[in-house]
S.K.: 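Attaching a single structure in structure tokens format; questions to follow.
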Amino acid sequence: MSLLEDNQSTDLENIVGLSRRRFIGAGALCGAAMFLGGNLLSRSVMAAAVSEGNKRMLGFDGIAAATTDTITLAPGYKASVLISWGQPLQKNAPAFDPSGNGTAGAQEVQFGDNNDGMSLFPMPGDENRALMAINNEYTNYRYLFPHGGQPQSAEEVHKAQACEGVSVIEIERRRGQWQFVQDSRYNRRIHGNTPIRLSGPAAGHDWVKTSADKSGKKVLGTFQNCANGMTPWGTYLTCEENFTDCFGSSKADLKFDDAQKRYGATVTSREINWHPHDPRFDLAKNPNELNRHGWVVEIDPFDPKSTPVKRTALGRFKHENAALAQTHDGRAVVYMGDDERGEFIYKFVSRDRIDHRNAKANRDLLDHGTLYVARFDAGDGNPDHPKGKGQWIELSHGKNGLDASKGFNGQAEVLIHARLAGSAVGATRMDRPEWIVVSPKDGQVYCTLTNNAKRGEDGQPVDGPNPRAKNVYGQILRWRTDRDDHASNTFEWDLFVVAGNPTVHAGTPKAGSSNVNAQNMFNSPDGLGFDKAGRLWILTDGDSSNAGDFAGMGNNQMLCADPDTGEIRRFMVGPVGCEVTGISFAPDQKALFVGIQHPGENGGSTFPEHLPNGKPRSSVMVITREDGGVIGA
Ligand code: FEO
Ligand code: CA
Ligand code: CA
């Protein structure tokens, strides 16, 4: 069944929790409000729920930092592996080969590498079954090939491309334990060579045409898929992040234009090295191929035969994730960060309203709408808890100076060169925007600004929500839109937490804000997730050296915060060399799915199992309570 092609309003309501019945029930404070931004619920009702919830918002004991090669959890919790890199998705697919000699064809039918953002789609009418769409961001040649180095043939490039993209899998709860369902008809790989349709204002533009695709509408592949989003109409959004790193040049003296430079084009492809064996990635031969990547891609997980769609109306940049919200008048909003030092935060507002009764009617909703970029004021300069105001600036051709005089001959060019358009309208250069999430309780929006060692130089003033020079720790920004309407183009912002190390540094800013202490300190917040009760889960991708500025912080980790009090506790610590990224919850909130990406990135790990040659494998973990209760409560 395709949710994009059938009128399944009842099923869809079950999936996204949007039925009118649930709006007025107790559940309305939970899942539904995630998309509503609180507009259907009076603030007083929400305030009552908040104060009730705060009595025991964080119901677990925080744990110490750790440097061990395992998962360490708060007391009373346990973890198991749901799926790991290389798991065959069907029974007849080749088994994972730890020697590195597995083929590209085998990898195309196995779970991809380096899992990142993921969403869970409950199976209509069955609380014990669900689909998960999981990003596979990149691969690590150290473990992918027997020689441990860069690809040396077209076959090896093909294998690397097969590691990336998205894996759609079915999961099932048996005897209380969520497990991967091998052989499900929904299990599917989308990878670096899967046919994908380009749609929206930039589709068919000359800049996205290549010798292999004169239509400019048929792209091969999605790769470097970082984090994700889930639409209220039951589709998955996968975000293309460091796509430029996959491109290089056979001409060592190739000159890049301003746009190519702004998107980070290099001759060397930063050692990913696909271009010597796959001319599609050679900018000397196929410069327009670069413009066909860096988009948000929409996937229908319930239709294994559906063609994914790149939605160009959402702009082209190094997309981190996509956070869905809804305006008071029922239109879709997508908040998005561009993860590079000094890049911007964006929002897209659809032209048309979401149809909650007919999923098919939302098929092209993300093709029509308006893109905006954020500008923040200098704020009040409070060192512990700065706050201020901001506005969204429209990125539409013919407005705000975006015309031919600035190099934009139409909306397609504004979108393909969104970074240049953002600069032209004076957007604020941020400390690497990573994940964005919307509170299910009050509609406030939270965004991780992971770190920025170049803040204070390179045209990036210390200012507003980016208050520290050489910012190695990061911070979490939040904003509340005017009238609590995500359509509003003005907002108030504050910093929820400024990370730091109070055991090494005295006083702000390097010690961090007052809600950081020796027990909960961390660096480089990256992934974010709200559970139904409104707890904010924080996942880190930082320096795990446990030394110098980072002494005492240990391995990368997951923490949990009370958004109303600012209290933060450490809930989980990951294995050696990993990043903790990707989070999702079972509908009953009794299982938490979390990603362990690139354990042993530089060696030193055999997580999660001890294979003969000690090869670690990225994995999705399932965390449950030993007493079967709600996670975090
Ligand atoms: Fe893929 Fe910005 O993290
Ligand atoms: Ca990230
Ligand atoms: Ca990161």
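Here, residue 1 is the first one in the sequence, and each next residue gets the next number. Whatever order the structure lists ligands and atoms in, that order sets their numbers, starting from 1. Atoms considered below: every heavy atom in the structure, side chains included; atoms not considered: hydrogens, waters and symmetry mates.
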S.K.: Yes or no on side-chain hydrogen bond (donor to acceptor under 3.5 Å, both in side chains) for His158 and Asp278, after CA distance, side-chain angles and deciding distance?
M.R.: CA-CA 9 Å; His158 189 166; Asp278 185 346; over 6 Å; no
S.K.: Anything under 30° is parallel, anything over 60° is perpendicular, the rest tilted; go ahead and classify Trp274 against Phe281.
M.R.: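 It falls in the perpendicular class, over 60°.
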S.K.: Side-chain contact test, heavy atoms from C-beta onward, threshold under 4.5 Å: evaluate it for Phe256 versus Val267 and give yes or no.
M.R.: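 With C-beta onward as the side chain, the pair touches.
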S.K.: Would you confirm whether Tyr141, through its side chain, and Ile272, through its main-chain N or O, come within 3.5 Å as a donor-acceptor pair?
M.R.: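 Checked: pair present.
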S.K.: Which is it for Phe571 and Tyr77 under the ring-ring contact (aromatic ring centres under 6.0 Å, His included) test, yes or no, and what are the steps along the way?
M.R.: CA-CA 10 Å; Phe571 176 80; Tyr77 287 83; 4.8 Å; yes
S.K.: Measuring from atom 2 (Fe) of ligand 1, count protein N/O/S atoms under 2.8 Å, please.
M.R.: 4
S.K.: Do Asn114 side-chain atoms and Tyr138 backbone N/O form a donor-acceptor pair below 3.5 Å?
M.R.: yes
S.K.: Exactly one of Phe496, Trp493, Tyr335 should register a ring pair (Phe, Tyr, Trp, His ring centres under 6.0 Å) with Tyr446. Which one does?
M.R.: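 Among the candidates, only Phe496 passes.
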S.K.: Does a side-chain N-to-carboxylate-O contact under 4.0 Å join Asp338 and Lys318?
M.R.: no
S.K.: For a quick test of reading the model, state the closest non-hydrogen atom pair linking Glu164 to Thr139 and the distance between them.
M.R.: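 In terms of heavy atoms, the two residues are closest at OE2-N, 4.0 Å.
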S.K.: Tell me the protein N, O or S atoms under 3.0 Å from the Ca ion (ligand 2), in chain and number order.
M.R.: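 Counting only protein N, O or S atoms under 3.0 Å from the Ca ion (ligand 2), the list reads Glu320 OE2, Glu434 OE1, Asp526 OD1, Asp526 OD2.
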